[in-house]
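Okay, so here's the structure we're looking at.
Model, not experiment: these values are computed from the prediction. Chain naming here is simple, since letters A, B, ... match the order of the sequence lines and numbering starts at 1 in each.
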Amino acid sequence: MERRHFDASWKRTVYCGSVGSGEENRNIVLNGWLRRRRDLGGILFLELWDHTGTLQVVINPENFSEELQEEARGLRSEFVLAVKGTLRVRPEGTENSSMPTGRWELLAEDFLVLSPSAPLPFELHEADRVDENLRLRHRYLDLRRDKMQRNLRVRHDVARYTRDFFADRAFLEVETPFLTRSTPEGARDYLVPSRVNPGHFFALPQSPQIFKQILMISGCDRYFQITKCFRDEDLRADRQPEFTQVDVEMSFTVEEDIFLLLEEYIQGLFARVLGEEVTPPFLRMSWKEAMSRYGSDKPDLRIPMEIVDLREVFENSSMEAFAALLARGGAVRGLALPRGGALSRKQVSLLEERAKELGAKGLGAFQIKEGILKGPLCKFLDPSASEKLQELGNLREGDALFVVADEDWKKACTVLGQLRLELAREHDLVEEAWRFLWVVDFPLLDWDEEESRWVAVHHPFTAPKEEDMDLLEKAPGEVRSRAYDLVLNGNEVGGGSIRIHDPRVQGKVFEALAFTPEAAEERFGFLLKALGSGTPPHGGIALGFDRLVMLLCGAKSIREVMAFPKTQKAQCLMSGAPGTVESQQLEELFIKTVSSDNPEKA
RNA sequence: GGGGUUGUAGCUCAGUCGGUUAGAGUGCCGGCCUGUCACGCCGGAGGUCGCGAGUUCGAGUCUCGUCAGCCCCGCCA
């Protein structure tokens, strides 16, 4: 027989998932992958899949030559087929109501195998239960599933909406370079050696921060970009070495403009992608309040548990360690767990262990059982203190209260903040909702023990609050910045700030960061020069695009919404990146490696 | 760098107190079956129990080490 091939006559006339009423009895052609096969001996049913869905194909041997019957019996999972035939309503009683196209089927008249497939390493319909390792190694198969196709499509929809949203509001999309200069502050850079400049390196951008500020100085007025950023740090479920940001910057702007713009953006996004309503304005909360009440700078407001101050209970109690700690300026904080009274001694001691792991010196526990407050610390509390404790913790019958004391107020809060998250998950206390929050008034600087100097909490170009400027020299840790984060259900989905537009202020901040004028000149000279050439007040925000898409998809990890993500060791299991290179390539770059496999143990 | 957890057939898992030939479901291969839809029925192949030591008469099981995946802490301006 003449060898047939994929010519124009075999091109699909309709997608598998989009057949519908009004098309009955038409001749159609489908192209797709064979998802399932049910061979009844005579009649043969195929489920043909493409990214739009699946349609049942009927192969009745009576309509086919011996040769094609034989070929049909040899069809296997994920073969790529073109099928010609008549679309028809299924015979009465054979409809499948659990299938979107279950009223129809294609009565095949001819088919062509376009490509065979080797047996699969895992079954596609069970991929959600399969080792992620395996899915990543065979990502082309993993992505050939409705769920992953849907995630990719949501991602596409978010990107498209984003582009339209900002373009409609006179934002200019500008590409900034990937081959750029290493920035000493912040995350580790990915480095790229320059062949034509021996011994010199590019760095892949951690964010387009400096470039977008320079675009403002250039008079671009409003800029946005959906762009990759790179950080060579350890990975998490919501962190990849390369990730995508929606980067936004505006000139002649103040915080309120950014909040309004982003709230409108988010409202439209949720309406468009999920058809759900979220209503601005979003709650705003100072960093200090967030830390104090939730022990986190990205509190999950779906959890109805709050950290409380127990100073009043313990400052005059006979628990001398706590009283002394409080007198020295330390903190005693508590977190109530509804129905935590039922926790066993073992469960409580596991929690105590966990608190220690998180850096607490210990964990005090109270439980109310049958109207009586119980716990090892009870003996230090007189009746009024005991009452005060129950009142502050808002304790009811059957509840528990956990107490952490620490010299450092922040430490006490963050330990309880982490326990809050873990307890809420364990005891199913996380409400179903979209809870947005702006966290504002971040500290500008944070003391770095290792380097024994102040470092920027956000980045070194964040503007300090005008009213805190005079603290910059006296009490750097007290200075608040004009930075803000957008938080959704405990995830930081965006962060930004009003930037410094006065070169003198920028100089002072560099000074506070212990950069000598020479070091500042060496590292950021071009920015300082630009700042001194007519800089509009400006500010902006960067949204974590992958995280946003993850939340919209209801996914547990950003890997689920990235086509080709990397593992925790920053490897691509499919392509095998990173890999070794030819020694000639290294020579060209004037690079010598110390040891090819394990430099640390060499 | 640290803590936790997982690793047994292609895949998902079971494997008792250390005991003879390591099982199930599914997939794969072969046979039967003309309205199935997770098709059904019958048969078959398929194992470096992650890897390496050790204890023991005997190790999938116990001990130590090691590798890999994932989650978390540190880190992520």
With rounding to whole Å, what would you report as the distance between [N] and [M] at their [atom1] atoms?
{"N": "B:rG74", "M": "B:rU6", "atom1": "P", "answer": "24 Å"}
{"N": "B:rG65", "M": "B:rU55", "atom1": "C1'", "answer": "15 Å"}
{"N": "B:rA24", "M": "B:rG15", "atom1": "P", "answer": "15 Å"}
{"N": "B:rC64", "M": "B:rA22", "atom1": "P", "answer": "28 Å"}
{"N": "B:rU21", "M": "B:rG60", "atom1": "C1'", "answer": "15 Å"}
{"N": "B:rA59", "M": "B:rU20", "atom1": "C1'", "answer": "14 Å"}

Q | Sole residue of A:R499, A:H538, A:H501 in side-chain hydrogen bond (donor to acceptor under 3.5 Å, both in side chains) with A:Q213 | A | A:H538

Heavy atoms only, 4.0 Å cut-off, all strands: where does [X] land among base, sugar-phosphate and nothing?
{"X": "A:R354", "answer": "sugar-phosphate"}
{"X": "A:T567", "answer": "sugar-phosphate"}
{"X": "A:E126", "answer": "nothing"}
{"X": "A:R88", "answer": "base"}
{"X": "A:S207", "answer": "base"}
{"X": "A:E422", "answer": "nothing"}
{"X": "A:V455", "answer": "nothing"}
{"X": "A:L136", "answer": "nothing"}
{"X": "A:D232", "answer": "nothing"}
{"X": "A:E105", "answer": "base"}
{"X": "A:D446", "answer": "nothing"}

Watson-Crick or G-U wobble mate for [N], both contacts under 3.5 Å:
{"N": "B:rC70", "value": "B:rG4"}
{"N": "B:rG65", "value": "B:rC51"}
{"N": "B:rG23", "value": "B:rC13"}
{"N": "B:rG43", "value": "B:rC29"}
{"N": "B:rG60", "value": "none"}

Q.
Just to be sure I understand the geometry, which residues of residues 116-124 of chain A put a non-hydrogen atom under 4.0 Å away from RNA chain B?
A. A:P121, A:E123

Q.
If the threshold is 4.0 Å, N to carboxylate O, is there a salt bridge linking A:E255 and A:K465?
A. no

Please list, one pair per line, the donor and acceptor atoms closer than 3.5 Å that link side chains of residues 39-50 of chain A to other protein atoms, with sequence neighbours excluded.
{"residue": "A:D39", "atom": "OD1", "partner": "A:G41", "partner atom": "N", "Å": "2.9"}
{"residue": "A:D39", "atom": "OD1", "partner": "A:R73", "partner atom": "NH1", "Å": "2.9"}
{"residue": "A:D39", "atom": "OD2", "partner": "A:R73", "partner atom": "NH1", "Å": "3.4"}
{"residue": "A:E47", "atom": "OE2", "partner": "A:R38", "partner atom": "NH1", "Å": "3.0"}
{"residue": "A:E47", "atom": "OE2", "partner": "A:R38", "partner atom": "NH2", "Å": "3.1"}
{"residue": "A:W49", "atom": "NE1", "partner": "A:D146", "partner atom": "OD1", "Å": "2.8"}
{"residue": "A:D50", "atom": "OD1", "partner": "A:T52", "partner atom": "N", "Å": "2.8"}
{"residue": "A:D50", "atom": "OD1", "partner": "A:T52", "partner atom": "OG1", "Å": "2.4"}
{"residue": "A:D50", "atom": "OD1", "partner": "A:G53", "partner atom": "N", "Å": "3.4"}
{"residue": "A:D50", "atom": "OD2", "partner": "A:C16", "partner atom": "N", "Å": "2.8"}

Q.
Keeping A:Y190 on the side-chain end and A:A203 on the backbone end, is there a donor-acceptor pair under 3.5 Å?
A. no

Quick one: the side chain of [X] and the base of [N], do they pair up donor-acceptor inside 3.5 Å?
{"X": "A:R239", "N": "B:rC75", "answer": "yes"}
{"X": "A:D234", "N": "B:rG74", "answer": "yes"}
{"X": "A:R37", "N": "B:rU36", "answer": "no"}
{"X": "A:R137", "N": "B:rG69", "answer": "no"}

Return no unless some side-chain N or O of [X] is found under 4.0 Å from OP1 or OP2 of [N].
{"X": "A:R36", "N": "B:rC39", "result": "yes"}
{"X": "A:R559", "N": "B:rC71", "result": "yes"}
{"X": "A:R76", "N": "B:rC29", "result": "yes"}
{"X": "A:Q568", "N": "B:rA68", "result": "no"}
{"X": "A:R38", "N": "B:rC39", "result": "yes"}

Which pairs would a plain distance check flag for residues 539-548 of chain A, meaning a side-chain donor or acceptor within less than 3.5 Å of a matching protein atom at least two apart in sequence or in another chain?
{"residue": "A:D546", "atom": "OD1", "partner": "A:R155", "partner atom": "NH1", "Å": "2.9"}
{"residue": "A:D546", "atom": "OD1", "partner": "A:R155", "partner atom": "NH2", "Å": "3.0"}
{"residue": "A:D546", "atom": "OD2", "partner": "A:T244", "partner atom": "N", "Å": "2.8"}
{"residue": "A:R547", "atom": "NE", "partner": "A:D238", "partner atom": "O", "Å": "3.2"}
{"residue": "A:R547", "atom": "NH1", "partner": "A:E492", "partner atom": "O", "Å": "2.9"}
{"residue": "A:R547", "atom": "NH2", "partner": "A:D238", "partner atom": "O", "Å": "3.4"}

Q: Return the orientation label for the A:H459 and A:F461 ring planes: parallel under 30°, perpendicular over 60°, tilted otherwise.
A: tilted

Q: Measure up the A:F510 and A:F524 rings against each other and bin them: parallel (under 30°), tilted (30 to 60°), perpendicular (over 60°).
A: parallel

Q | salt bridge (charged side-chain N to carboxylate O under 4.0 Å, His left out) between A:D408 and A:K410, intermediate numbers included | A | CA-CA 5 Å; A:D408 181 6; A:K410 204 171 129 192; over 6 Å; no

Q | Closest to side chain of A:Q418, choosing from B:rC28, B:rG69, B:rC73 | A | B:rC73

